[in-house]
Amino acid sequence: MASAGNTGARRGMAWPQTLALAFGVIYLLVGIVGFFITGFDAFADNTQDEMLLFFMINPLHNIVHIVIGLAGIVLSRTLAGARTYGWLLAVGYAAAFVYGLIAIGKDWDFLNINAADNVLHIATALVGLVIALGPVNDTVARPSRA
């Protein structure tokens with residue numbers, strides 16, 4: 001007779017993995033949808049006013065989103081990978097936030113960033129810290145054998 005407590009099913013992902021996967025999928029989709037708005041011309045241009053919702057974009061910005069999205073999807077496979085992705089988000093988006101503080105409105109702003117982007121960047125950096133540092137309960141409840 002088979003034990004009802006052990007189904008042989010693979011253990012589910014830890015919440016940092018799920019969050020990394022969710023952010024990865026969202027950023028991948030944002031990058032793809034961005035190309036429907038910007039096309040592939042004016043690759044790193046900041047003179048056009050092409051926006052996705054409230055966020056300024058250009059083709060280079062779209063590629064950055066696609067790369068970040070793919071990284072989240074790939075790294076979410078393990079808890080260590082998800083933690084690494086969290087650190088990448090935290091450091092990368094904190095740097096993008098600082099870049100945005102300096103670059104908004106400048107001719108050399110190759111990512112075409114606006115104030116809404118900056119808010120999103122600091123929020124994403126904070127989510128990265130949560131993914132990287134948030135506690136995970138590693139104990140697995142085992143059924144008693146009475």
Side-chain angles (χ1 to χ4, degrees), residues 4-143:
N6 185 4
T7 62
R10 204 177 103 198
R11 202 175 109 193
M13 293 194 321
W15 68 264
Q17 292 173 264
T18 304
L19 194 54
L21 178 61
F23 266 70
V25 168
I26 290 167
Y27 271 104
L28 177 62
L29 291 175
V30 164
I32 291 169
V33 169
F35 278 114
F36 287 99
I37 297 168
T38 65
F40 294 91
D41 295 336
F43 188 74
D45 196 11
N46 69 355
T47 57
Q48 73 259 22
D49 291 327
E50 294 170 328
M51 297 180 77
L52 178 59
L53 298 176
F54 307 106
F55 309 104
M56 299 290 291
I57 55 175
N58 64 17
L60 179 58
H61 206 148
N62 296 335
I63 288 174
V64 170
H65 288 152
I66 289 171
V67 169
I68 290 165
L70 290 172
I73 292 168
V74 170
L75 290 172
S76 71
R77 296 183 58 166
T78 65
L79 180 57
R83 298 288 197 193
T84 299
Y85 182 67
W87 282 115
L88 291 172
L89 289 180
V91 172
Y93 275 99
F97 174 74
V98 171
Y99 168 83
L101 290 176
I102 299 166
I104 291 176
K106 303 285 195 265
D107 291 339
W108 50 266
D109 177 14
F110 58 89
L111 289 175
N112 201 23
I113 291 179
N114 65 3
D117 286 309
N118 253 6
V119 171
L120 180 64
H121 291 163
I122 196 64
T124 301
L126 292 173
V127 169
L129 283 176
V130 168
I131 293 170
L133 299 173
V136 174
N137 184 2
D138 287 337
T139 59
V140 178
R142 297 177 194 257

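Predicted, not measured: the structure shown is a model, and the values here were computed from it.
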In Å, rounded to the nearest 0.5 Å, how long is the span from [atom1] of [X] to [atom2] of [Y]?
| X | Y | atom1 | atom2 | result |
| --- | --- | --- | --- | --- |
| Ile37 | Asn58 | CD1 | CG | 12.0 Å |
| Phe97 | Leu126 | CZ | CG | 9.5 Å |
| Leu52 | Ile57 | CG | CD1 | 5.0 Å |
| Tyr85 | Thr78 | OH | OG1 | 13.5 Å |
| Asn62 | Phe40 | CG | CZ | 8.5 Å |

Taking all heavy atoms of [X] and all of [Y], pick out the closest pair and write down the distance.
| X | Y | value |
| --- | --- | --- |
| Gly24 | Ile73 | C-CG1, 4.0 Å |
| Ala14 | Val136 | CB-CG1, 4.0 Å |
| Ala82 | Ala20 | CB-CB, 4.0 Å |
| Arg83 | Ile131 | NH1-O, 2.8 Å |

Are [X] and [Y] close enough that some pair of their side-chain heavy atoms sits under 4.5 Å apart?
| X | Y | result |
| --- | --- | --- |
| Phe35 | Ile63 | yes |
| Leu89 | Ile68 | yes |
| Trp87 | Leu129 | yes |

So, using ring pair (Phe, Tyr, Trp, His ring centres under 6.0 Å) as the criterion, who are the partners of Phe36 when residues are at least two apart?
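In terms of ring pair (Phe, Tyr, Trp, His ring centres under 6.0 Å), with neighbours along the sequence ignored, Phe36 is linked to no residue.
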Does the pair Phe55 and Val119 meet the rule for a side-chain contact (heavy atoms from CB on, under 4.5 Å), with working shown?
CA-CA 10 Å; Phe55 309 104; Val119 171; over 6 Å; no
Taking side-chain contact (heavy atoms from CB on, under 4.5 Å) as the criterion, tell me which of Ile113, Ile104, Asp117, Leu111 meets it with Met56.
Asp117
Listed partners of Tyr27 passing side chain to side chain donor-acceptor pair (under 3.5 Å), at least two apart:
Thr124
